[in-house]
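Just the heavy atoms: all of them, side chains too, but no hydrogens, waters or symmetry mates, feed the values below. Keep in mind that this is a model prediction, so the values were computed, not measured. Naming convention: chains lettered A, B, ... in sequence-line order (proteins, then strands); numbering from 1 in each chain.
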There are 2 protein chains.
Amino acid sequence: MSLSIGQVAERTGLSVHALRFYEREGLFVNPVRRGPSGRRIYSEDDVDWLTVCIILRASGMPLPVLSRYADLVREGAGTEEERLTLMREHQARVTTQIGRLTESLDLIRFKVAVYEDLVDQGAAAHQCHAPSPAAGEEGTPLLRQEAVVE
Amino acid sequence: MSLSIGQVAERTGLSVHALRFYEREGLFVNPVRRGPSGRRIYSEDDVDWLTVCIILRASGMPLPVLSRYADLVREGAGTEEERLTLMREHQARVTTQIGRLTESLDLIRFKVAVYEDLVDQGAAAHQCHAPSPAAGEEGTPLLRQEAVVE
DNA sequence: CTAGAATCTAGACCCGGCTCTAGATCAACC
DNA sequence: GGTTGATCTAGAGCCGGGTCTAGATTCTAG
């Protein structure tokens with residue numbers, strides 16, 4: 001089954017511009033076929049490959065690495081070790097990135113909790129017409145609540 | 001305790017360029033103080049705030065959002081609801097991002113496993129001088145192994 | 001007093017990753 | 001046989017997030 005660039009764009013969610021750009025960047029394993037009038041003709045395999053590319057991109061693989069990977073796949077047998085290395089390196093990057101995000105999430109959750117408390121207190125104070133008696137030590141609350149969580 | 005821009009750069013890991021850039025972008029809660037000769041003087045609070053900024057940046061908060069957050073903190077009491085909203089939105093973004101990365105990791109792990117098998121097979125074949133008898137159906141292995149994992 | 005390091009401002013530059021434009025060609029429908 | 005829409009190429013433009021440069025202070029040590 002052969003597809004036009006517009007159809008591939010629709011199926012993959014990439015723009016036609018991005019598809020041509022990816023081609024220039026060498027991300028395709030096989031050179032994209034052309035019709036008699038020079039128009040691009042994509043196969044289902046191309047779409048499958050693009051799907052993989054999209055996932056790898058979404059996990060932060062840079063275009064040059066993706067291009068290198070495409071090169072290796074194109075070369076075929078004998079490049080498996082390097083592909084393995086490349087994938088393992090990417091796996092490590094993604095894993096550490098998830099770790100970083102998860103750590104950041106700790107701070108973010110803490111901030112959310114702090115502001116939830118403050119907003120609740122504010123609402124309560126507004127209800128009982130008293131200036132937040134349970135607030136405890138105020139001091140410089142707007143600075144203190146910005147303190148690092150560590 | 002007051003710090004020079006170089007000292008802050010050293011403590012935070014940001015470059016002096018980045019520090020001045022962040023200031024222009026309005027990321028500081030308080031305008032950075034200046035010495036008599038016009039040089040920047042940072043406080044420990046500035047460093048603490050920067051530490052928070054670095055974590056939020058690491059989790060993908062764009063500079064304009066960070067700047068908006070700094071604005072709200074500067075304005076002080078009465079902006080807690082908006083700060084809560086902002087933080088919750090960021091929390092949601094980070095959570096979905098972790099989800100995306102974790103999904104991607106599935107594919108990456110799968111690829112790693114496939115290449116590990118291939119490399120092992122290749123090594124075994126090399127040892128016993130037989131062309132990988134356990135490989136089963138070969139067909140178009142270099143294409144099939146690139147198939148989407150879903 | 002002077003050399004070298006740090007800082008200042010304003011603005012140019014870079015990089016990654018697209019996105020958009022212009023002008024031409026081609027396909028399809030009425 | 002026009003008109004409309006999709007596609008083509010080459011190249012410019014954009015956005016985010018810094019980075020770097022130039023030229024002028026200013027600080028610090030010997």
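- Applying the side-chain contact (heavy atoms from CB on, under 4.5 Å) rule to B:T85 yields the partners B:E89; only residues at least two apart in sequence or on another chain are considered.
- For B:S43, the side chain to side chain donor-acceptor pair (under 3.5 Å) partners at least two apart in sequence or on another chain are B:D46.
- Applying the salt bridge (Lys or Arg N to Asp or Glu O under 4.0 Å) test to A:R109 and every residue at least two apart in sequence or in another chain returns nothing.
- The side-chain contact (heavy atoms from CB on, under 4.5 Å) search around A:S4 returns A:Q7, not counting sequence neighbours.
- Look at CG on A:L66: it is 10 Å from P on C:dC18, rounded to the nearest Å.
- Scanning for side chain to side chain donor-acceptor pair (under 3.5 Å) contacts around A:Q97 gives A:R100, with sequence neighbours left out.
- Residue pairs that meet the salt bridge (Lys or Arg N to Asp or Glu O under 4.0 Å) test with at least one member in residues 28-42 of chain B, sequence neighbours left out, are B:E23-B:R34, B:E23-B:R40.
- Atom CD in A:E25 sits roughly 9 Å away from atom P in C:dG17 (whole-Å rounding).
- If you measure from atom CD of B:E10 to atom P of C:dA6, you get 10 Å, rounded to the nearest angstrom.
- Residues of residues 85-103 of chain B having a heavy atom closer than 4.0 Å to DNA chain D: none are found.
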- Going 5' to 3' through nucleotides 1-18 of chain D and flagging B where a protein heavy-atom sits under 4.0 Å of the base, S where only the sugar-phosphate is that close, and - otherwise, we get -----BSBB-------SB
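- With respect to the salt-bridge test (charged N to carboxylate O, under 4.0 angstrom), the residues B:E25 and B:R20 do not qualify.
- With sequence neighbours left out, the salt bridge (Lys or Arg N to Asp or Glu O under 4.0 Å) criterion links B:E82 to B:R68.
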